[in-house]
Amino acid sequence: MEVKVRFAPSPTGHLHVGGLRTALFNYLYAKKVGGKIVLRIEDTDQSRKVENAVENLISTFEALQISFDEGPVQGGDYGPYFQSERLPIYNEQIKLLLEDGKAYPCFCSAEKLEEARKKQSETKQTIKYNRQCLKLDAAEARKRMEKEPHVIRMKVPGEEEVLFYDVVRERVAIRCEELDDQVLIKSDGFPTYHFANVVDDHLMGITHVLRGEEWLPSTPKHVILYQFFNWKQPKFIHLPLLLNPDKSKLSKRQGDVAVEDYLNKGFLPETLINFVALLGWHPKNEQELFGLAELEKEFSLKRINKSGAVFDIEKLKWMNSQYLKNLPIETIMNYAEPVFKAEGLETTDVGKFQAVVENARKRVDTIHEMIEHSTPFYTEVQFSDEDKNLLRNEPSQKVVTFFSKKLSNKSNWTEAEIKILVNETAEKTGVKGKDLYAPLRLALFGAAHGPDIPLLIDILGVDEAINRLKVQI
RNA sequence: GGCCCGUUCGUCUAGUGGUUAGGACCCAGGGUUUUCAUCUCUGUAACAGGAGUUCGAUUCUCCUACGGGCUACCA
């Protein structure tokens with residue numbers, strides 16, 4: 001049987017890094033075994049709907065080059081792929097359960113339920129529905145359903161326990177008496193996650209459910225639903241949670257969680273994919289840098305971890321710096337171009353832009369940090385009083401004067417020749433070490449630290465270099 | 001409160017019934033480099049605790065502790 005997995009986000013905002021991890025593991029597993037991956041939008045909560053969330057999600061996946069075989073964009077034979085468009089399907093299925101007595105209507109008001117829960121909480125009981133409406137006369141209940149607001153609940157069976165096997169955690173068992181009669185259909189006619197998820201997974205032919213560990217406690221309810229319908233269960237693979245530095249579930253309160261935020265800060269799609277792949281999963285060997293294609297080959301459910309993983313931004317930065325250094329220069333230039341333009345830096349001189357990027361890429365962790373190292377090549381340098389004093393002192397003047405004069409002699413300098421010229425300058429002026437290099441770099445670049453003098457002049461161009469030096473004399 | 005899941009360096013993790021418990025990030029120090037960065041070398045640092053099984057447990061079992069998740073007409 002062909003493997004089919006799905007990523008089923010609810011459109012409540014931007015794609016979360018935890019969501020990316022779930023999507024990625026699904027994607028990688030599908031690719032690894034030659035299966036299919038479905039994108040299904042779980043928009044059953046009308047009150048939490050966010051405008052443009054779906055468009056946003058889709059464009060983020062595009063930026064990451066993760067594609068789906070079925071979904072809102074590419075269609076497919078098992079649609080619609082928005083749960084809000086599948087209401088007739090849920091309706092049909094709930095009727096079956098109602099007829100079999102495996103589900104029942106409940107007319108209790110939200111206030112009443114809230115009160116009951118409060119009471120249970122105070123008396124330290126297990127919090128669950130008291131099954132009041134289960135006692136209702138069937139005919140009467142049917143009549144009331146016509147005009148009264150109500151929900152449909154599942155009737156948890158009286159068996160001892162529900163048992164299922166999670167691929168990561170193996171055997172998981174829970175006593176049925178612990179389970180609540182979960183609401184399946186809400187009073188607005190929409191299904192809850194628990195119901196829609198089971199119905200859709202079955203109807204869409206999903207064979208493996210990879211999702212976050214937060215779903216583990218409600219899986220027994222899903223298992224019961226599969227049993228009610230006499231449907232084959234998919235394999236469950238619950239992924240360890242992504243954590244804040246304090247080990248709580250990764251959340252907005254402790255920094256960025258949206259994939260978009262990281263992209264906007266200059267982290268590369270390649271980095272995000274690689275980094276998130278290593279949270280809760282590990283390869284066979286000690287390799288850490290993986291492209292998507294490599295991950296597709298390496299991925300295995302067997303090497304998924306059990307315990308939660310802290311999202312460590314320091315390591316993310318390091319990994320991003322590795323990609324900045326090692327990806328083809330053209331790739332980095334493509335990522336950098338819009339960022340440079342937004343900062344008003346001119347990228348039309350491609351040769352210069354490339355040289356600037358080449359210099360900056362090995363000094364930073366993100367695309368955005370490249371700006372700081374590149375601006376001096378494009379804009380007039382600014383000097384502090386301290387800098388000015390240093391440039392004005394006698395040895396500095398000797399160095400700058402001699403060097404710029406010699407530099408003017410010809411226009412086609414190689415880096416090697418400039419290196420020789422620097423040495424000659426030291427010899428002729430008698431200035432050396434820090435006193436020699438500091439004024440040159442300061443005049444050319446506006447900073448005490450930075451690229452080699454030959455590289456500096458190469459990027460700037462001899463004419464501009466001479467200009468910058470002469471201003472200081 | 002109840003239920004469920006988890007626990008190897010600060011973090012991501014490897015690993016085994018007998019190992020000097022390995023790698024990566026971070027941090028510290030050395031080397032390369034005129035500076036900075038890169039690169040490179042080295043170092044610091046972990047099996048939560050207790051009991052049991054065993055000739056021997058980090059590894060297997062149980063208990064405790066701690067951490068987390070769930071406990072909605074949210075997903």
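Bear in mind that the values here come from a model prediction, so they are computed numbers and not experimental data.
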With a non-hydrogen cut-off below 4.0 angstrom, is A:S10 in contact with a base, only sugar-phosphate, or nothing? sugar-phosphate
Among the candidates B:C73, B:G2, B:A24, find the nucleotide nearest to the side-chain atoms of A:E288. B:A24
Any strand: nucleotide that pairs with B:C62 via Watson-Crick or wobble, under 3.5 Å: B:G50
Parallel, tilted or perpendicular for A:Y378 and A:F340, by the 30°/60° rule? perpendicular
When rounded to whole Å, the CD1 to C1' distance for the pair A:I304 and B:C5 reads 15 Å
Mind checking if A:V183 touches a base, just sugar-phosphate, or nothing, with heavy atoms under 4.0 Å? sugar-phosphate
Determine the Euclidean distance between corresponding P atoms of B:G17 and B:C60; express it in Å to zero decimal places. 9 Å
Taking the six-membered ring for Trp, is the centroid-to-centroid distance between A:W215 and A:F236 below 6.0 Å? no
Rounded to whole Å, CG of A:N326 lies from P of B:U38 at a distance of 13 Å
For the pair made of NE2 in A:H373 and C1' in B:U38, what is the distance, rounded to whole Å? 12 Å
So if I take every side-chain heavy atom of A:L216 and compare against B:A75, B:C39, B:C5, which nucleotide ends up nearest? B:C5
If I take atom NE2 in residue A:H194 and atom C1' in nucleotide B:U71, what distance separates them, rounded to the nearest angstrom? 10 Å
With rounding to the closest Å, how many angstrom separate the C1' atoms on B:U32 and B:A37? 13 Å
Look at all strands and tell whether A:K362 reaches a base, only sugar-phosphate, or nothing, counting heavy atoms closer than 4.0 Å. base
Taking ring pair (Phe, Tyr, Trp, His ring centres under 6.0 Å) as the criterion, tell me which of A:F267, A:W318, A:F311 meets it with A:F275. A:F311
Hey, are A:E213 and A:R169 close enough for a salt bridge, meaning a charged N less than 4.0 Å from a carboxylate O? yes
A:L242 has an atom CG; how far is it from atom C1' of B:G69, in whole Å? 14 Å
Non-hydrogen atoms of A:D256 and A:Y262 that approach each other most closely: O-OH, 2.9 Å
pair_partner(B:C27), Watson-Crick or wobble, both distances < 3.5 Å, evaluates to B:G43
All N/O pairs under 3.5 Å across the protein-nucleotides 26-33 of chain B interface:
none

What nitrogen or oxygen pairs link the protein and nucleotides 60-68 of chain B at under 3.5 Å?
none

Can you tell which of B:A75, B:C70, B:C3 lies closest to the side chain of A:E42? B:A75
For A:D45 and A:K186 the tightest heavy-atom approach is CA-NZ, 3.8 Å
Lys/Arg-Asp/Glu bridge criterion (N-O < 4.0 Å) met for A:K95, A:E92: no
Considering only side-chain heavy atoms of A:R48, which listed nucleotide, B:C3, B:C74, B:U34, is closest? B:C74
Find the distance A:Q254:CD to B:U11:C1' and express it as a whole number of Å. 15 Å
Below 3.5 Å between N/O atoms, which protein atoms pair up with nucleotides 13-15 of chain B? Just atom names and distances, please.
residue	atom	partner	partner atom	Å
B:U13	OP1	A:G280	N	2.6
B:A14	OP1	A:H282	NE2	2.5
B:A14	OP1	A:N305	ND2	3.1

Taking A:K297 first and then A:E294, would you say they form a salt bridge - that is, a charged N and a carboxylate O separated by under 4.0 Å? no
Decide side-chain contact (heavy atoms from CB on, under 4.5 Å) for A:M319 and A:Y323; before the verdict, give the C-alpha distance in whole Å, the side-chain angles of both, and the deciding distance to 0.1 Å. CA-CA 7 Å; A:M319 191 174 279; A:Y323 277 99; 3.9 Å; yes
Would you indicate which nucleotide in B:C4, B:A72, B:G69 comes nearest to any side-chain atom of A:E214? B:G69
Under 4.0 Å, heavy atoms only, any strand: does A:K325 hit a base, just the sugar-phosphate, or nothing? sugar-phosphate
Using the rule given for side-chain contact (heavy atoms from CB on, under 4.5 Å), can you reason through A:Q322 versus A:N326, listing the C-alpha separation, both sets of side-chain angles and the distance that settles it, and then say yes or no? CA-CA 6 Å; A:Q322 294 301 304; A:N326 298 325; 3.9 Å; yes
Quick one: label A:T44 by what it contacts on the DNA or RNA (base, sugar-phosphate, nothing), any heavy atom closer than 4.0 Å. sugar-phosphate
NZ/NE/NH1/NH2 to OD/OE distance under 4.0 Å, A:D181 and A:R131: yes
Euclidean distance for C1', B:C9 against B:U44 (whole angstrom): 10 Å
Look at A:R441 and B:A37 and indicate whether a side-chain polar atom (N or O) is within less than 4.0 Å of OP1 or OP2. no
Quick one: label A:C108 by what it contacts on the DNA or RNA (base, sugar-phosphate, nothing), any heavy atom closer than 4.0 Å. base
Is it true that A:R171 and A:E161 make a salt bridge, defined as a side-chain N closer than 4.0 Å to a carboxylate O? yes
Please give the nucleotide sitting opposite B:C70 as a Watson-Crick or G-U wobble pair, both distances under 3.5 Å, or none. B:G2
Answer for the Watson-Crick or wobble partner of B:G18, both distances under 3.5 Å, is B:C55
Would you mind classifying the nucleic acid contact of A:P220 as base, sugar-phosphate or nothing, using non-hydrogen atoms under 4.0 angstrom? nothing
I would like to know whether A:F7 and A:R40 meet side-chain contact (heavy atoms from CB on, under 4.5 Å); could you show each step before the answer? CA-CA 6 Å; A:F7 177 58; A:R40 184 175 71 222; over 6 Å; no
Spacing of the C1' atoms in B:U40 and B:A75 (rounded, Å): 49 Å
Is it true that A:K119 and A:E122 make a salt bridge, defined as a side-chain N closer than 4.0 Å to a carboxylate O? no
Taken to the nearest whole Å, OH/A:Y437 to P/B:U35 is 9 Å
What contact category does A:R175 fall into here, base, sugar-phosphate, or nothing, at under 4.0 angstrom with non-hydrogen atoms? nothing
Pairwise 5' ranking along RNA chain B for A:H150 and A:V172, keeping only the more 5' one: A:V172
How far does the P atom of B:G52 sit from the matching atom of B:U71, given to the nearest Å? 41 Å
For nucleotides B:G1 and B:A24, find the distance between their C1' atoms and express it as a whole number of Å. 42 Å
Whole-Å P distance, B:C73 and B:C66: 31 Å
Pick the nucleotide of RNA chain B nearest each of A:A438 and A:I174; which residue has the one closer to the 5' end? A:I174
Start with the C-alpha gap between A:K247 and A:L241, add the side-chain angles, then the distance that decides, and say whether side-chain contact (heavy atoms from CB on, under 4.5 Å) holds. CA-CA 10 Å; A:K247 306 259 188 184; A:L241 258 21; over 6 Å; no
If I take atom CG in residue A:N274 and atom P in nucleotide B:C12, what distance separates them, rounded to the nearest angstrom? 17 Å
Could you give the distance separating B:G22 and B:G6 at their P atoms, to the nearest angstrom? 27 Å
Under 4.0 angstrom, heavy atoms only, what part of the nucleic acid is A:G433 near: base, sugar-phosphate, or nothing? nothing
